[in-house]
Amino acid sequence: MSTPYPFTAIVGMRDLQLGLLLNAVNPRIGGVLVRGEKGTAKSTAVRALAALMPPVAVVPGCRFSCAPGAPDPACPDGPHTDWAEAAGGEAGESRPTRMVELPVGASEDRLVGALDIERALSEGVKSFEPGLLAAAHRGVLYVDEVNLLHDHLVDLLLDAAAMGASYVEREGVSVRHAARFLLVGTMNPEEGELRPQLLDRFGLTVEVAASRDTDERVEVVRRRLEFDDAPEEFTARWQEEERELRERIAAARALLPQVRLGDRALRQIAATCAAFEVDGMRADIVMSRTATTLAAWAGRTEVLAEDVRQAALLALPHRRRRNPFDSPDLDEDKLDETLDQHSGEDDPDPDDDPDGGPDGGGGAPSDEDGGPRGESPDEAPADDTSVPEQSRTEDTPGTPEPSRDATQETPQDSAEEPAGDAEQQPAGGAAREQAAAGAGEPFKTRRLSVPGLGEGASGRRSRARTPHGRTTGARRPRGTLGKLHVAATMQAAAPHQHARGRRGPGLVVRRDDLRESVREGREGNLVLFVVDASGSMAARKRMSAVKGAVLSLLLDAYQRRDKVGMVTFRRTGAEVVLPPTSSVDAAAARLESLPTGGRTPLADGLAQAREVLRVERLRDPSRRPLLVTVTDGRATGGPEPVGRARRAARMLAADGTASVVVDCESGPVRLGLAGELARDLGGTAVTLEELRADAVTDLVRGVTGTTTTHARRAA
């Protein structure tokens, strides 16, 4: 086993270290989610934490790490009563705290454990092989890139973390075991976000980013190189600091039960959660546990205002997200104002003089209740109460009201520009690029789906064979047995009972009789946007509506767990502004700053899209693509612009690419060019109005045309 990097040797990252240490002191906080760009020591810090955790005592031979003094009554390896009586309930085996890592590609059986279905049916024996949740009991469960973990695994993981137990159900055979662990997840937001309801299940969240200070970066590199050259020697130099930190964790754990959460602090917590409009009551509970743990960490038995403030900065930002494009941050001025308003309400007396006279002050004296004014959040230590400076503060795409108002001031902007005019007016085109139109208000869209039955990554868009969903049939297992189909298994075994010498009531089942369920659910797709950014789309009013529509489709892609990519075409060619990624907010950022102007090289845009899809088929052949072309259908620039565009569209149709064309043409007279493009693509054309979920028009029951043959072949 490789030597972990010392926790105390990590440079900076105070919020990250504090969040991890608080959970080490009090695992009931609910874990920590570490968000940050790549290469910011997220994994290094988490792996280093395990070395600081105190050793645990376990029942010898128990695969589920039962505590000697209080073994789990429902432990599958139990009961441990005989051993406990012989040992007096005190002895046990001591081992280091485990750090268990959950790989992104792990299966459900690897996470929760697996039952031997064949032995359970034929012998009636519960033969259970524990999974990673059992191994992590009373330890640390680390999920790197938690945002890339399949949804059903995240659900199982967080349910176990919330209940403190794991339940394994397999067709009437069930096993339950304790699973209490410190849950730590790391993620790079550029690769996609967690669903808001899953974000809420993490107790704390911290944002990390690489330091921009030269001296600090030099020190990071120097220490890392020294560790790589001689890890044992480097670790030995930090043993004293590591020992002191271990002792402080143990002391804080011992002090934690004595910490008092007064009425004043509790009112501050409730008022803060209400002021920031967080959903539910989990935030109040997590903040209370975090504030008491902060007090214990500081060696105090009383929760102060500074503890509440720091708890809010750690527990609330990720709970305030309303859509995937919101940055997880907190208005610190508003936080300070809220805490200050409720800083003198400990044990109020209704008979007191509201003016605070000498015989009946309106609030407790500052030297008796901890000095609410003297200990305001403004005086909290800077090294323990600061929000990471790297928190994003960009405005949420989709609400740029000033941009829309400004676009209506000049008449020439509201009129559609003839194709190619921008090429003749470089100054005007440059001005338009510098002031990109903002996106209109997003709206709920109808579902666009790929026809046929896929077998891609789990999601919520198109029909697919998945491990979870409704049962549609049975088949022989392909490799490890998945979900057992009991009826089909019994039907396969029944004709052979006499030949197998069956004498009793039990059913003689062999491996060849086993059948697994075939299930149908939904998959996530690759949604590739091809956006016309030419002069014919440059009119501000139209482009604002177009961006609003694409933003709405991006929101839909986020909710359906798709990958997204974006190709734009204008002037003399096409550009991949966003390679396929799971980060929908990255696509929204590219969309917001998208410049417009110039001719309309539609053929180049379609050809570029075909190349992107070709590469993605090699990388991820099971993920089916959906091409969404946003254009008015015009094609200008270069030789035979219309003919080249039609040939490019037909090549995409021949590849079996499912397509939808969003027709952006407006005005009383329409040429219908987008509809012709959709027919060449073998797909469907919809207007911006039809794209809305509340539109009267029945939209996109399934993409038809030349894709039908491909869909049948894929099914």
Side-chain angles (χ1 to χ4, degrees), residues 1-25 27 31-56 94-104 135-136 138-146 181-188 204 206-253 297 381-384 386 388-390:
M1 183 176 178
S2 59
T3 303
Y5 191 88
F7 190 87
T8 51
I10 296 173
V11 179
M13 304 297 177
R14 291 189 178 91
D15 287 329
L16 170 59
Q17 292 178 312
L18 180 61
L20 292 172
L21 290 171
L22 291 177
N23 275 275
V25 173
V32 59
L33 175 65
V34 186
R35 299 164 45 92
E37 58 196 25
K38 52 186 176 294
T40 49
K42 301 187 297 294
S43 300
T44 299
V46 175
R47 293 188 176 100
L49 178 68
L52 298 175
M53 305 283 283
V56 295
S94 181
R95 62 163 176 77
T97 298
R98 289 175 179 164
M99 163 73 78
V100 178
E101 295 193 35
L102 175 61
V104 170
R138 304 176 67 199
V140 180
L141 181 61
Y142 171 45
V143 188
D144 193 14
E145 306 294 352
V146 65
F181 46 81
L182 168 57
L183 176 63
V184 181
T186 58
M187 59 174 284
N188 182 354
L204 309 179
V206 294
E207 292 274 343
V208 296
S211 172
R212 299 297 182 258
D213 180 81
T214 302
D215 293 338
E216 194 166 291
R217 293 175 73 95
V218 167
E219 186 62 23
V220 170
V221 175
R222 179 182 291 118
R223 292 186 185 183
R224 186 70 216 190
L225 293 177
E226 290 177 358
F227 175 79
D228 291 341
D229 290 341
E232 290 79 10
E233 295 178 9
F234 182 85
T235 303
R237 295 204 303 269
W238 293 90
Q239 283 304 307
E240 183 61 25
E241 289 83 354
E242 294 280 291
R243 182 189 62 78
E244 293 176 356
L245 194 54
R246 270 190 224 100
E247 292 176 352
R248 185 175 179 185
I249 292 173
R253 281 188 171 186
W297 181 249
D383 59 341
D384 282 340
S386 60
E389 296 180 0
Q390 302 84 5

Among all residues two or more places apart in sequence or in another chain, which pass the side-chain contact (heavy atoms from CB on, under 4.5 Å) test with E241? T8, W238
Minimum heavy-atom distance between A45 and L16, given as atom pair plus value: CB-CD2, 3.7 Å
Taking ring pair (Phe, Tyr, Trp, His ring centres under 6.0 Å) as the test, write out the residues that go with F227, two or more places apart. Y5, F234
Looking at L204, L182, D15, V32, which one forms a side chain to side chain contact (heavy atoms under 4.5 Å, CB included) with L20? V32
Partners of R95 by side-chain contact (heavy atoms from CB on, under 4.5 Å), sequence neighbours excluded? V56, V58, S65, R98
Crowding at CD, E240 (>12 non-hydrogen neighbours, <6.0 Å): yes
Could you check if a side-chain atom of M13 sits within less than 4.5 angstrom of a side-chain atom of T40, using non-hydrogen atoms only? yes
For R217 and A210, the nearest pair of non-hydrogen atoms, with its separation, is NH1-CB, 3.8 Å
Taking every heavy atom of A48 against every heavy atom of P6, the minimum-distance pair comes out as CB-C, 4.1 Å
Shortest non-hydrogen contact between D213 and E216, atoms and distance: OD2-N, 2.9 Å
One should read off an interatomic distance between R224 CZ and I10 CD1, to the nearest 0.5 angstrom, of 10.0 Å
Take V146 and V184 through the test side-chain contact (heavy atoms from CB on, under 4.5 Å) and record every step on the way to the result. CA-CA 9 Å; V146 65; V184 181; over 6 Å; no
R237 meets the salt bridge (charged side-chain N to carboxylate O under 4.0 Å, His left out) criterion, sequence neighbours left out, with E226
Quick one, V100 with F181, criterion side-chain contact (heavy atoms from CB on, under 4.5 Å). Give me CA distance, side-chain angles, the key distance, then yes/no. CA-CA 10 Å; V100 178; F181 46 81; over 6 Å; no
Which distance, rounded to the nearest 0.5 Å, do you find between the CG of L21 and the CG of L49? 6.5 Å
Nearest heavy-atom approach of G36 to K42 is O-NZ, 3.4 Å
For salt bridge (Lys or Arg N to Asp or Glu O under 4.0 Å), just list the numbers for E244 and R248, CA-CA rounded to whole Å, side-chain angles, deciding distance to a tenth of an Å, and then say yes or no. CA-CA 6 Å; E244 293 176 356; R248 185 175 179 185; over 6 Å; no
Counterpart residues, side-chain contact (heavy atoms from CB on, under 4.5 Å), relative to R47 (two or more places apart): S43, E101, Y142
Residues V25 and W297: closest non-hydrogen pair is CG2-CE3, 3.9 Å
Under a 3.5 Å distance rule, please check whether T97 uses its side chain to pair with a backbone N or O of P54 as donor and acceptor. yes
Here the gap from L52 atom CG to R243 atom CZ, rounded to the nearest 0.5 Å, amounts to 12.5 Å
One should read off an interatomic distance between T186 OG1 and D144 CG, to the nearest 0.5 angstrom, of 3.5 Å
So, taking the atom named CZ in F7 and the one named CE in M53, what distance separates them when rounded to the nearest 0.5 Å? 11.0 Å
Listed partners of A50 passing side-chain contact (heavy atoms from CB on, under 4.5 Å), at least two apart: M99
Can you tell me how far CG of L225 sits from CG of D229, rounded to the nearest 0.5 angstrom? 6.5 Å
